[in-house]
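Let me begin by presenting the structure, written as structure tokens, before commenting on it.
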Number of protein chains: 2
Amino acid sequence: MNSIKMYAISELAAELEISPSTIRFYEDKGLISPERSAGNQRLYSRKHKARLKLILRGKRFGFSLAEIAEMIGYADVPLNEAEQICKSLAFGREKLEEIRRKKEDLALLEADILAMQEVLEKRLQALK
Amino acid sequence: MNSIKMYAISELAAELEISPSTIRFYEDKGLISPERSAGNQRLYSRKHKARLKLILRGKRFGFSLAEIAEMIGYADVPLNEAEQICKSLAFGREKLEEIRRKKEDLALLEADILAMQEVLEKRLQALK
DNA sequence: TATAAAATTAAAGTTGACTTTAACTTTATT
DNA sequence: AATAAAGTTAAAGTCAACTTTAATTTTATA
């Protein structure tokens, strides 16, 4: 049996906790490109699912859909020419640098909130 | 001289690399509340600047303005009652937890991109 | 003191990221 | 085979986060 498991759109949507129309929207934007059943319905593989997870992860960090697309490549671009690959590599390196900065930034955000917590704790003590 | 340095809106905007209207917009949303000059122009202190930086930092991580407002408190809420303080503390604790999760997520994102880089490098080698 | 540069407000306009709707087709269930 | 559930498309609608505009006022500069 060569039956690799494929997901229907609503099945995948449920697992990722997004709506089917969001998935279709991402397809419109060129971020993902599923296969189709005999009757033209979308079919997603585990790879497609991983790609969607990656898209959602990027989103959680405030990357725009356009940025994510450049970061992970447009779904239907073949990506076989050397030039295209080099471009993607360069973009990836940039994004890795950005992620490194985000890590620092995240530490700062944490520190800021912790400092604020301290101030609040003190105010609360002063009230008692 | 009791002249603590105050920023005019365009001055502050330039330093933070955002537009004056963005700052006004944040004020509309209750995120920041500057002083006013005799002639009714906005004046920002170093504290206001720090607050704006914090807002921008939150944004970079994909928090919405509404979330940021709850996280750091609405600018004009006095925050002196114990209940209000407790609420902010609780919210802060939640957000710290979220930041912890984001740290993990960021590591995953980095790993994903690194893995993608490897695949691309190999494809590039194969072409040569 | 004239005039240019920067601010003010309220309201309308724009953009990105979805969501909803409508009219129809495919697939699953009784 | 009938009917319900899920899928399809294109187009319109919504919402958050800004940005622009317009009409007026304040502040800085020649």
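In the text below, chain A, chain B and the rest are named by the order of the sequence lines, each starting its count at 1.
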Compare side-chain N and O positions of [X] against OP1 and OP2 of [N] and report whether any pair is under 4.0 Å apart.
| X | N | value |
| --- | --- | --- |
| B:Thr22 | D:dA17 | no |
| B:Tyr26 | D:dC18 | yes |
| B:Ser19 | D:dT19 | yes |
| A:Ser37 | D:dG7 | no |

In whole angstroms, how far is the [atom2] atom of [N] from the [atom1] atom of [X]?
| X | N | atom1 | atom2 | value |
| --- | --- | --- | --- | --- |
| B:Lys59 | D:dA16 | NZ | P | 14 Å |
| B:Leu56 | D:dA17 | CG | P | 13 Å |
| B:Lys29 | D:dA16 | NZ | C1' | 7 Å |
| A:Arg36 | C:dT25 | CZ | C1' | 13 Å |
| B:Glu17 | D:dT19 | CD | P | 14 Å |
| A:Ile68 | C:dA17 | CD1 | C1' | 11 Å |
| A:Asp28 | C:dT15 | CG | P | 19 Å |
| A:Met6 | D:dG7 | CE | P | 14 Å |

A:Arg24 side chain to A:Ile9 backbone, donor-acceptor under 3.5 Å =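 Checked: no pair found.
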Does B:His48 use its side chain to pair, donor to acceptor, with the backbone of B:Ile32 at less than 3.5 Å?
->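 No; zero donor-acceptor contacts below 3.5 Å.
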Is the charged tip of B:Lys102 near the ring of A:Phe61: under 6.0 Å from the six-membered ring centre and within 45° of its axis?
->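 Satisfied, under 6.0 Å and within 45°.
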Identify the pairs formed between an N or O of the protein and an N or O of nucleotides 11-14 of chain C at a distance under 3.5 Å, and give each distance.
none

Pairs: protein N or O with nucleotides 4-7 of chain C N or O, under 3.5 Å:
residue: C:dA7; atom: OP1; partner: B:Ser10; partner atom: N; Å: 3.2
residue: C:dA7; atom: OP1; partner: B:Ser10; partner atom: OG; Å: 2.2
residue: C:dA7; atom: OP2; partner: B:Ser10; partner atom: OG; Å: 3.1
residue: C:dA7; atom: O4'; partner: B:Gln41; partner atom: OE1; Å: 3.3
residue: C:dA7; atom: O4'; partner: B:Gln41; partner atom: NE2; Å: 3.4

5'-most by nearest nucleotide on DNA chain D - B:Leu65 or B:Gly39 |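 The 5'-side residue here is B:Leu65.
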Does A:Lys49 NZ have over 12 foreign heavy atoms under 6.0 Å away?
->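 More than 12 heavy atoms, drawn from other residues, nucleotides or ligands, come within 6.0 Å of this atom.
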Is it true that [X] and [Y] have a side-chain N and a carboxylate O under 4.0 angstrom from each other?
| X | Y | answer |
| --- | --- | --- |
| B:Glu97 | B:Arg101 | yes |
| B:Lys5 | B:Glu15 | no |
| A:Glu110 | B:Arg100 | no |
| B:Glu27 | B:Arg42 | yes |

Search all heavy atoms of A:Arg36 against all heavy atoms of A:Leu43 and return the closest pair with its distance.
->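 Residues A:Arg36 and A:Leu43, closest heavy atoms: C-CD1, 4.1 Å.
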Write down the atom of A:Arg57, the atom of B:Leu109, and the distance for their closest heavy-atom approach.
->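 Where A:Arg57 meets B:Leu109 most closely, the heavy atoms are CD-N, 3.6 Å.
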For the hydrophobic clusters of this structure (ILVMFWY residues joined by side-chain heavy atoms under 4.5 Å, transitively), does one cluster hold both A:Ile18 and B:Leu108?
->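 No, no single cluster joins them.
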First locate atom CD1 of A:Ile68, then atom CD1 of A:Ile55, and finally report the distance between them rounded to the nearest 0.5 Å.
->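 One gets 7.0 Å once the value is rounded to the nearest 0.5 Å.
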Filtered N/O pairs between nucleotides 22-24 of chain D and protein, under 3.5 Å:
none

